[in-house]
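I have placed the structure first, in the form of structure tokens, so that the comments after it can refer back to it.
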Amino acid sequence: MAKDFPTRAENYSQWYNDLVIKADLAENSAVRGCMVIKPYGYAIWEKIQAVLDKKFKDTGHSNAYFPIFIPKSFFSKEASHVEGFAKECAIVTHYRLKSSPDGKGVVVDEDSKLEEELIVRPTSETIIWDTYKNWIKSYRDLPILINQWANVVRWEMRTRLFLRTTEFLWQEGHTAHATREEAIKESETMLNVYADFAENWMSIPVIKGTKSPAERFAGAIETYAIEALMQDGKALQAGTSHFLGQNFAKAFDVKYLNKENQLEYVWATSWGVSTRLMGALIMSHSDDHGLVLPPKLAPIQVAIVPVFKNAEQLAQISETVIPIKKALEAKGISVNYDDRETYKPGWKFSEYEFKGVPVRLTIGPRDIEHGTVEIARRDTLEKEVLQLTDIENKVIHLLDQIQKNLYDRALSFREDNTFRVDTWDEFKKILDDRGGFISAHWDGTSETEEKIKEETKATIRVIPINNAVEKGKCIYSGKPSGQRVIFARAY
RNA sequence: CGGGAUGUAGCGCAGUUGGCUAGCGCACCACGUUCGGGACGUGGGGGUCGGAAGUUCGAGUCUUCUCAUCCCGACCA
């Protein structure tokens, strides 16, 4: 057997890397910092996509698709945007290969140099706004509410599976509005969509808030984010929604004629979540036995494992199981009846635990005799023997319970690891001893934020929305502050 | 790009001061017994020891160069 599941606390990253491979989710590919997402992992992503896609459509958005390549000149049009992404771009400079003169392999054909280099999109604001310019003439053309499911490439110095890969999958929404108020409302709406998804589907409690200027998206006026706390005490930004003001409209000259026949620049938002969500899922709920998935996102919600010695026994068990499977499926539950003869029950139990399948039913000769079934839940690892009568509803009820329990568990973890701190010594001590969210006063300046980051590696994760007004003194500078903000070390 | 570590079978690893045919566990294949928490026995298949050059009678082991991966920083969703 390969290495046993590592104990979690010792080295979270190592555990995490082992976990995702063991749980059959992803592995590093031959390409630097990119990931191969295996079928089971991709099935989780497809679930995430399906739910979000519906939410986007329910809020009036449509899907569209824009090119993966962006002419270099587009980038220079919005100053802070280019500054934010310049250091992490993959650039296409040539379009042809030729046989190597030494006969070994191929080399770049220098004659095929592009006149203007193409950037592999790190995000699509520029090419989309260049397109919107042609779509928007009148107030009647607004709003434009578009989402794109795509891959993007950011050549980060350091990669980390799921959390920061060179290529990642995401969705990016790009909207155009006639008024500032409408655009702000849009970014807030999408923030709420993300928060709802995180909490009610992923069972991950999040703090909604705005980012400090230092953490803001390149080119945004305001960045809204949902911030989650992982089991190792580090914060993870799980989704962002940006109010872009008129920055991109001005950079790409996108104007419309209003009802008064006056030309005005349009107002913009963009918002996105990525395969990082899968990292959040893994790091929020998993335990030393493997992945733990919230039922609403689990590709397999119920696994049924028959215990049998021979074909006759299996046939007998199947007679009982197949109607149960059908009844569950009729209620929208995904069921995997694992009647493979090539693996034994114990092996299957472990496998479904690795994969985080929320509910497992086990049926053997003993159960056939008594009209019972063993039901095991992944979140608590508890097992129970139940009567078969009305088993579908019992299972559905349990799935709901697990969904809720995972959220409650994650929430109480976050509460236990959120600290109101008023002294600098305590601030540093908590960060070093246990991590977590620290709610503390901040004087509102970037200088202070930068100093705190230098000294502790902690950053301001969010300024919570609807934050309580509270007079206090900045944890670092001692200057007056009007509210507490959330600090943490982050991924 | 700095600091540290590691590259030996699909995975995880051992391999002594250079020495004989390169090993172990898991996985894989065959047969048998098993099957309610990753079964066991017997037999079997699988290796450019990351790559290149060098030292040597002889290199997985020593030297130089190189490539890759991981961890810690800088950068970031």
Side-chain angles (χ1 to χ4, degrees), chain A residues 1-6 10-18 21-22 27-33 83-89 122-123 151-172 194 211 214-218 220 223 225-228 235-242 270-280 289-290 305-311 313-314 317 340-354 360-370 372-374 376 381 383 385 453-454 457 459 461 489-491:
Chain A
M1 167 147 177
K3 203 162 68 176
D4 281 333
F5 235 81
E10 296 225 334
N11 183 332
Y12 198 90
S13 295
Q14 187 57 49
W15 166 78
Y16 175 69
N17 283 337
D18 286 353
I21 289 161
K22 278 226 164 195
E27 59 191 21
N28 293 313
S29 76
V31 184
R32 178 209 176 265
E83 200 181 314
F85 287 103
K87 283 180 278 184
E88 53 187 53
C89 289
T123 180
N151 58 338
V152 287
V153 167
R154 294 184 189 174
W155 214 270
E156 304 285 357
M157 291 174 181
R158 180 151 165 227
T159 61
R160 206 195 278 273
L161 205 52
F162 282 119
L163 300 183
R164 196 177 305 108
T165 41
T166 300
E167 178 190 10
F168 56 97
L169 307 182
W170 78 344
Q171 59 66 216
E172 46 181 329
Y194 289 154
K211 288 283 180 182
E215 297 278 319
R216 211 172 268 159
F217 175 74
T223 288
I226 52 172
E227 201 75 20
L236 186 75
Q237 179 174 306
T240 48
S241 176
H242 314 288
S270 69
W271 28 272
V273 294
S274 70
T275 35
R276 170 179 270 199
L277 285 182
M278 292 169 70
H289 293 85
V305 178
V307 180
F308 58 95
K309 288 188 177 144
N310 50 51
Q313 274 189 351
L314 176 60
I317 292 165
R340 288 177 295 178
E341 294 173 38
T342 43
Y343 293 97
K344 289 180 301 162
W347 194 94
K348 293 174 186 173
F349 297 162
S350 298
E351 171 160 336
Y352 292 115
E353 268 163 27
F354 280 143
R360 188 190 73 229
L361 300 178
T362 307
I363 296 196
R366 220 151 65 200
D367 297 297
I368 297 298
E369 201 178 313
H370 298 115
T372 58
V373 61
E374 183 192 84
L381 297 168
K383 291 189 288 195
V385 175
K453 187 179 178 183
E454 272 172 31
K457 297 191 185 76
T459 49
R461 301 319 305 158
R489 288 188 184 143
Y491 275 104

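Every heavy atom of this structure was used, including side-chain atoms; hydrogens, water molecules and symmetry mates were not. Here is the naming used below: chain letters follow the sequence lines, and residue numbers restart at 1 for every chain.
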Roughly how far apart, to the nearest Å, are [N] and [M] at atom [atom1]?
N: B:U17; M: B:C62; atom1: C1'; result: 12 Å
N: B:U6; M: B:G12; atom1: P; result: 16 Å
N: B:G46; M: B:G36; atom1: C1'; result: 35 Å
N: B:G60; M: B:C20; atom1: C1'; result: 15 Å
N: B:C28; M: B:C11; atom1: C1'; result: 12 Å
N: B:C67; M: B:A53; atom1: C1'; result: 14 Å
N: B:G25; M: B:C65; atom1: P; result: 38 Å
N: B:A74; M: B:G15; atom1: P; result: 35 Å

Reading nucleotides 32-37 of chain B from 5' to 3' and marking B where a protein heavy atom lies under 4.0 Å of the base, S where only the sugar-phosphate is that close, and - otherwise, the string is --BBBB

Expected output: side-chain A:Lys87 to main-chain A:Met157 donor-acceptor under 3.5 Å: no

Just checking [X]: base, sugar-phosphate only, or nothing, at a heavy-atom cut-off of under 4.0 Å?
X: A:Phe217; value: nothing
X: A:Lys457; value: sugar-phosphate
X: A:Thr166; value: nothing

Can you name the residues that form a side-chain hydrogen bond (donor to acceptor under 3.5 Å, both in side chains) with A:Tyr194, not counting sequence neighbours? A:Gln171

Can you name the side-chain hydrogen bond (donor to acceptor under 3.5 Å, both in side chains) partners of A:Gln237, sequence neighbours left out? A:Lys211

Sorted by chain and number, sequence neighbours left out, ring-ring contact (aromatic ring centres under 6.0 Å, His included) with A:Trp170 holds for A:Phe168

Those residues at least two apart in sequence (or on a different chain) that pass ring-ring contact (aromatic ring centres under 6.0 Å, His included) with A:Phe217 are A:His81, A:Phe85, A:His242

Partners meeting side chain to side chain contact (heavy atoms under 4.5 Å, CB included) with [X] (sequence neighbours left out):
X: A:Glu156; answer: A:Glu88, A:Arg154, A:Arg164
X: A:Val153; answer: A:Ala90, A:Val120, A:Trp155, A:Thr166, A:Glu167
X: A:Glu341; answer: A:Phe308, A:Leu314

Can you list the stems that include RNA chain B, where a stem is three or more consecutive Watson-Crick or G-U pairs with distances under 3.5 Å? B:1-7 with B:67-73, B:10-13 with B:23-26, B:28-33 with B:39-44, B:50-54 with B:62-66

Considering all heavy atoms of both residues, which atom of A:Glu227 and which atom of A:Leu236 are nearest to each other, and what is their separation? OE2-C, 3.5 Å

Heavy-atom nearest nucleotide on RNA chain B taken for A:Arg461 and for A:Met157; more 5' hit belongs to A:Met157

